[in-house]
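So the structure is just underneath, and the comments pick up after that.
Residue numbers start from 1 in every chain, and the chains themselves are labelled A, B, ... in the order their sequence lines are given, proteins ahead of strands. Owing to the predicted nature of the structure, the values given are computational and were not obtained by experimental measurement.
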There are 2 protein chains.
Amino acid sequence: MNQLRAQANGRPVLGIPEATVARLPVYLRALTGLGETGMRTVSSEQLAAAAGVNSAKLRKDLSYLGSYGTRGVGYDVEYLRYQIAREIGVNQDWAVVIIGIGNLGQALSNYGGFRSRGFRIVALIDGDRSRVGEMHGDLPIHHIEKLDELVAEHACSIGVIATPGDAAQEVADRLVAAGVTSILNFAPAVLAVPDGVDVRKVDLSIELQILAYHEQRKRAPGEEVQA
Amino acid sequence: MNQLRAQANGRPVLGIPEATVARLPVYLRALTGLGETGMRTVSSEQLAAAAGVNSAKLRKDLSYLGSYGTRGVGYDVEYLRYQIAREIGVNQDWAVVIIGIGNLGQALSNYGGFRSRGFRIVALIDGDRSRVGEMHGDLPIHHIEKLDELVAEHACSIGVIATPGDAAQEVADRLVAAGVTSILNFAPAVLAVPDGVDVRKVDLSIELQILAYHEQRKRAPGEEVQA
DNA sequence: CATTGTGAAGATCTTCACAGCG
DNA sequence: CGCTGTGAAGATCTTCACAATG
């Protein structure tokens, strides 16, 4: 329902396929790594290997961004890195609140990979009043009643939910009411949100279950020969 | 390359589509929730709503498992839950080792959602000798030199990597050498593993980047009208 | 007769293979 | 010549819409 791509100026527009969007951060990471080794130029073959995809897919993905390569040569590492970062929005500053400061919330608040990609954690929030004031790194825990205030103060558009499942919907409602329009949900719950709000869900136990499914298949071959 | 589905006995065989496999745990969770509320029977419409998908997709997905519904009525909650659990392998006992006991590794080791789905964490492992013996819950940290021994002792087929990115490949090699055939990788690194070993990757910062991409698009509409 | 199960149509994603170009 | 960029083919996934049926 999109696909109005590349126009006059060569810059793309609307409608980078979701599958491509999901891989751009991987390419970005790979380019950053290659750049740190001093490499100046990279072929689609090399970059694809570093990113763990095949080169046709990589070239197709990059073609949605524009024509940033040089035929016969490859891509300029730094230039491509910049273009992808701009496309994703990672060279902006994103204020993030984390709600639910259990083990996972703490792990997330300490995760170095956020800061280096433009995500700045501006507040830690919990519903348990007895934990208010507790420091994690240089951030104190606030009570969830302060959510509106904190979101407004930091112009925060992204919220991370790391609460138990049964608290997640209420937290999501509060986030939406406070003006947050993107939610990363670690809680085991399906969230209902209004149009215009994006939710992405990470479920640790689902990933393990998918592995288990395949593991089980490795172990029980031959089950198919029994009509 | 698969699609040899449903045979004589009605039981499916090989080739449940990946997209379906990835949703089965979601249905399982939804069914467990519905079951706890006392619901005995559920229509595809209701279950789809609880799982956050549309009902046509749900029915198509379930059809790959067999014909477990009753026309005009719906699905028996408990029976369907059992069938999905069996299909995924969640009613088995899966021994899991976690390598890298930083914030994330600790969060994972405490995560209740694993145990209840048949995943039993049998060992915590770290490369830092000074942390050996440290207790987390009822498990001590072992040094990575003990990996082979621990994997063998617990007949462990799944490993979780929660180390920094630069240690991940070496850890993966060790896991494979020890006999682990499924790896859940939280480290920011693309892992090379032999055929027959499955790797799934969870990258927390990638999820945030995907949100940022869409968030950016919400804010800058109209960029497309400038040839 | 409400609801499942499913062919068929449509959408999206991947891969191929090669024309185009530096 | 080497490598990108991309139409076109192929694979997979989603949705439609309705026949089958308990």
Legend entry - Pair A/Tyr75 + A/Tyr68: ring centers closer than 6.0 Å: no
Inset, instruction - Check whether more than 12 heavy atoms from other residues, nucleotides or ligands sit under 6.0 Å from atom CD of A/Glu45, and answer yes or no. - result: no
Legend entry - Nearest-Å distance for atom pair CD/P, residues B/Glu45 and C/dC1: 20 Å
Inset, instruction - Quick one: list whatever passes ring-ring contact (aromatic ring centres under 6.0 Å, His included) with B/Tyr82, sequence neighbours left out. - result: none
Legend entry - Between P of C/dT12 and CZ of A/Arg23, the distance in whole Å: 15 Å
Legend entry - Under 4.0 angstrom between B/Tyr75 side-chain N/O and D/dG22 OP1 or OP2: no
Legend entry - Presence of salt bridge, B/Asp76 and B/Arg81, under 4.0 angstrom: no
Legend entry - Phosphate contact (D/dT6 OP1 or OP2) by A/Arg71 side-chain N/O below 4.0 Å: no
Legend entry - B/Arg217/A/Glu87 ion pair, N-O < 4.0 Å: yes
Legend entry - Spacing between A/Asp61 atom CG and D/dT4 atom P, to the nearest angstrom: 14 Å
Inset, instruction - Take atom NZ of B/Lys60 and atom C1' of C/dA11, then tell me their distance rounded to the nearest Å. - result: 14 Å
Legend entry - 5' priority, DNA chain C, between B/Thr70 and A/Arg59 [closest heavy atom]: B/Thr70
Legend entry - Separation of C/dG22 C1' from A/Asp76 CG (nearest whole Å): 15 Å
Inset, instruction - Could you tell me whether the phosphate oxygens of D/dG5, OP1 or OP2, come under 4.0 Å of any side-chain nitrogen or oxygen in A/Ser67? - result: yes
Inset, instruction - Would you jot down, in residue-number order, the residues of residues 50-58 of chain A having a non-hydrogen atom under 4.0 Å from DNA chain C? - result: A/Asn54, A/Ala56, A/Lys57
Legend entry - Rounded interatomic separation in angstrom, taking CD from B/Glu18 and C1' from C/dT12: 17 Å
Inset, instruction - Measure from CG on B/Leu47 to C1' on C/dG5 and round the result to the nearest Å. - result: 15 Å
Inset, instruction - Round to the nearest Å and state the distance from A/Tyr68 atom OH to C/dG22 atom C1'. - result: 19 Å
Legend entry - A/Gln169 versus A/Asp173, side-chain donor and acceptor atoms under 3.5 Å: yes
Name each donor-acceptor pair under 3.5 Å that joins a side chain in residues 186-195 of chain B to protein atoms two or more places apart or in another chain, with its distance.
none

